[in-house]
Chemist: 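I'd like to ask you about the structure that follows.
Everything numeric here is computed off the predicted structure, so don't read it as measured data.
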2 protein chains.
Amino acid sequence: MAAKLADVAARAGVSPATVSRVLNGNYPVAHATAEKVHRAVAELHYVVNGNARALVSARSDLVGVLVHDIADPFFGVIASGIQDSVAEADVLAVVCNTGSSAARELSYLKLLRKQRARAVVLTGGSVDDPDLHGAFVEQLTELTASGAHVVLCGRPPVTDAEGRDVPGLVTVDFDNRDGARRLTAHLTSLGHREIGYVTGPEGRTTSQLRLEGHLMAIRDAGLDEARCPVVSGRFDRASGSTGATELLRRNPDLTAVVAGNDMAGVGVLTELRSRGIEVPRDISVAGFDDLPFSSDTVPALTTVRIPLTEAGRTSGRLALGNESPPPGGLLPVRTELLVRDSTAPPSRGRNSTSGERAPSAKAAE
Amino acid sequence: MAAKLADVAARAGVSPATVSRVLNGNYPVAHATAEKVHRAVAELHYVVNGNARALVSARSDLVGVLVHDIADPFFGVIASGIQDSVAEADVLAVVCNTGSSAARELSYLKLLRKQRARAVVLTGGSVDDPDLHGAFVEQLTELTASGAHVVLCGRPPVTDAEGRDVPGLVTVDFDNRDGARRLTAHLTSLGHREIGYVTGPEGRTTSQLRLEGHLMAIRDAGLDEARCPVVSGRFDRASGSTGATELLRRNPDLTAVVAGNDMAGVGVLTELRSRGIEVPRDISVAGFDDLPFSSDTVPALTTVRIPLTEAGRTSGRLALGNESPPPGGLLPVRTELLVRDSTAPPSRGRNSTSGERAPSAKAAE
DNA sequence: GGTATAGCAGAAAGCGCTTTCTGATCCGGG
DNA sequence: CCCGGATCAGAAAGCGCTTTCTGCTATACC
């Protein structure tokens, strides 16, 4: 149906080899000949068959991007960063929604291997499934063995059954633990001593690291852990709401609630509001990630910014192999505490009307 | 490096042809033989080379998905719907960010053609670029001619230079105009007579259709169009803010503001709030799309719901050719008016509480 | 003027698979 | 007992490209 290389060659009056060389520009071709070929290409609307090319060169112009949920802006932003940087090399990004299921992650990895993807970027915290971990490591090993680059963006290095790092992986690591520690430290330094926490989904490394950071800050400040309840959520709005409810049930005197991410933070905000609790006068609230909408909440959410777009871009470059991998395969990404309007010093006894807050001034990107 | 079909054949003691047949299950193979093959496949961790397969069968297991911006939840949700439905056929979705540029759209189309994508789904309103339109139609024609399915999701049918529909395209059409009409009609029926409007980007069909619907409702209600200013925005928060400012400058007596989409609606909400204008008491606000966050705004945003996930799924099925195309190639998607807390009847005379305007430094993306 | 050397272009092999065509085996029926 | 038709398996061609190897024509140099 479509024109092929041989058709172009015939039309230009040259051999297929010459056409190929003109197209790839990796071999000297006389200018006049190249002209003829270009003309023929244009006339025939010729487009090289990527499959044939990939077959002989043993690698395609595809990079796989595994995300938990592409409808979640957290992943959308990362994906757009990746897309951005790989597009410069005319490489296509294949976005795969795993729905946080290790099984689907595995089957996508296999599919990507089948397409001989040039690289794959796994984003977001890893999902723990002991049964599948062996198979997971195997896929990753197989992938790197066949020359594909594997980049972990926002998830910790993968270790095999013996706890050894799987070789050849590159990690773009978000500083979740320390970011969380600094966030909660901000709250304790404001004078909060009864701080609730809504975690992310169980078994997700991101949830765990952030929780650890939070607990570190709690201990550093010498707070009574019994007064600082932790409930588990799922990194979404709904779990933010129910989490806030549960937290208040456990400790009605809470003066601050930290959510595992911004999404849950919004849920907390909504729930508190619907209960007539004013933020930050009555309770301070904080999130994590600094998603695009986080500065538009009311009040604007205090959070920890992760430069997601930039991290995505870096991951993309790493995936293409354009950027030499960092020493040790680990490239840390700095987080930054963003204090906005949802956090303030605790008021003495909840029901007092402590000062009004100034209308929000926003942080530019 | 990786095992190939011949290796599996050798190990199983059969011919390559037999292995292929076992893997594809399209030809009778004795049970015992199939067993041997399966064992060899497992032992060698064999994964078929999709490129080789695509080369001979002349079509790959890839569908392209063109979006304006994957970080925007509007597209994220659609993309996840598409992904969802094509994944069932072990087909991979290639997400391409066009950044609303017709040139990039074109180059992605070419890239997708090169990969011999099985189908491509173009989402979101089309971008108007007269210079590139011819080339655009050509790519689409070439694509359908080579047997690929082309689905337009949320954009109107494409017409060629003579205004004729390009054949073979399937359109999943959002009912933007009528949705917008009903939304503004809701406002007029509430008693609003001075309604401002913030459009989407110029030259985008979605913007245009929604604006048309709005104006229809304005006329239907017999309002004075001079009192109903329209300012242009870009479907993002920042333009919602600036749009609201400009609208109030043009008509300080506005009792309602309609934004072209939810994103801009949030911007409007934020801006009004920072000016001390209370929603919906002083001014009603409405958006369009019903994105996941729209019910979490304060107050919850009245909007028009488009079943984006479902539309994405349908587009995916259409792209795979699993669903027979609708008559006329046009499949309408119903929208639904969602009245929430941001709209209410206008109050008599606003200046009762028109607050001080706080300086707010905004960042555009 | 003859040979060495660029500088280009073509022939052909082969990437890993699918599929048609051909062939071998086995069964039942005449 | 032999033949025809199932039933299954192999041989081989070829999908559209890249790339090595080979070869040809100029040019340069002695």
Chemist: Check every strand shown and say whether B:A30 touches a base, only sugar-phosphate, or nothing at a heavy-atom separation below 4.0 Å.
Modeler: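 The answer is sugar-phosphate, as B:A30 gets under 4.0 Å only of primed atoms, P, OP1 or OP2.
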Chemist: Take the protein atom CZ of A:R21 and the nucleotide atom P of C:dG10, then report the distance between them rounded to whole Å.
Modeler: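 It works out to 8 Å between those atoms.
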Chemist: Could you tell me whether the phosphate oxygens of C:dA9, OP1 or OP2, come under 4.0 Å of any side-chain nitrogen or oxygen in A:T33?
Modeler: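 Yes.
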Chemist: When the distance from NZ of A:K4 to P of D:dT18 is rounded to whole Å, what number comes out?
Modeler: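 A:K4 atom NZ is separated from D:dT18 atom P by 14 Å.
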Chemist: What is the distance, rounded to the nearest whole Å, between atom CG of B:N24 and atom P of C:dG16?
Modeler: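 Checked: the CG to P distance equals 17 Å.
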Chemist: Using a cut-off of strictly less than 4.0 Å, decide whether B:Y46 has a side-chain nitrogen or oxygen near OP1 or OP2 of C:dC17.
Modeler: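 For B:Y46, the contact criterion (side-chain N or O under 4.0 Å from OP1 or OP2 of C:dC17) is met.
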Chemist: Output the rounded distance in Å from CG (B:D61) to P (C:dC17).
Modeler: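 So the two atoms are 14 Å apart, to the nearest Å.
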Chemist: Check whether any side-chain heavy atom of A:D69 lies under 4.5 Å from a side-chain heavy atom of A:N97, and answer yes or no.
Modeler: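 Yes, close enough: below the 4.5 Å cut-off.
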Chemist: Looking at side-chain heavy atoms only, is the closest gap between A:Y46 and A:D7 below 4.5 Å?
Modeler: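 SC-SC contact between A:Y46 and A:D7 ruled out.
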Chemist: Under 4.0 Å between a side-chain N/O of B:S20 and OP1 or OP2 of C:dC17, yes or no?
Modeler: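 Looking at the OP1 and OP2 atoms of C:dC17, neither is under 4.0 Å from any side-chain N or O of B:S20.
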Chemist: Testing the basics here: between B:G312 and B:S85, what is the closest heavy-atom pair and its distance to 0.1 Å?
Modeler: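 Minimum heavy-atom contact is O-OG, 4.2 Å.
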Chemist: D:dC17 P sits how many Å from A:N26 CG, rounded?
Modeler: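 Value for this atom pair: 15 Å.
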Chemist: Identify, between A:L55 and B:S57, the residue whose nearest nucleotide on DNA chain C lies closer to the 5' end.
Modeler: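 On the 5' side of the pair lies A:L55.
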Chemist: Does A:L112 reach the side chain of B:L92, with side-chain heavy atoms less than 4.5 Å apart?
Modeler: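 Counting from C-beta outward, A:L112 and B:L92 do come under 4.5 Å.
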Chemist: Once you round it to whole Å, what is the distance between P of D:dC15 and CG of A:N51?
Modeler: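 Taking atom P of D:dC15 as the reference, CG of A:N51 is at 15 Å.
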Chemist: Which residue lies toward the 5' end of DNA chain D, B:Y27 or B:V56, if each is placed at its nearest nucleotide?
Modeler: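 Per heavy-atom nearest nucleotide, the more 5' residue is B:Y27.
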Chemist: Which of the following nucleotides, D:dT19, D:dG16, D:dC8, is nearest to the side chain of A:A52?
Modeler: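 Comparing D:dT19, D:dG16, D:dC8 against the side chain of A:A52, the answer is D:dG16.
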Chemist: How long is the line joining CG of A:L5 and P of C:dG14, in whole Å?
Modeler: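 From A:L5 CG to C:dG14 P: 19 Å.
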Chemist: May I have the distance from B:R116 (atom CZ) to D:dC17 (atom C1'), rounded to whole angstrom?
Modeler: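 The answer, rounded to whole Å, is 11 Å.
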Chemist: Any ion pair linking B:K114 and A:D61 (charged N to carboxylate O, less than 4.0 Å)?
Modeler: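 Yes, charged N to carboxylate O under 4.0 Å.
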Chemist: For D:dG10, does OP1 or OP2 lie under 4.0 Å from any side-chain N or O of B:T18?
Modeler: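 For D:dG10, OP1/OP2 do have a side-chain N/O of B:T18 under 4.0 Å.
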Chemist: Could you pick out which residue, A:A17 or A:P28, lies toward the 5' side of DNA chain C when each is mapped onto its nearest nucleotide?
Modeler: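 Its nearest nucleotide lies further toward 5', so the answer is A:P28.
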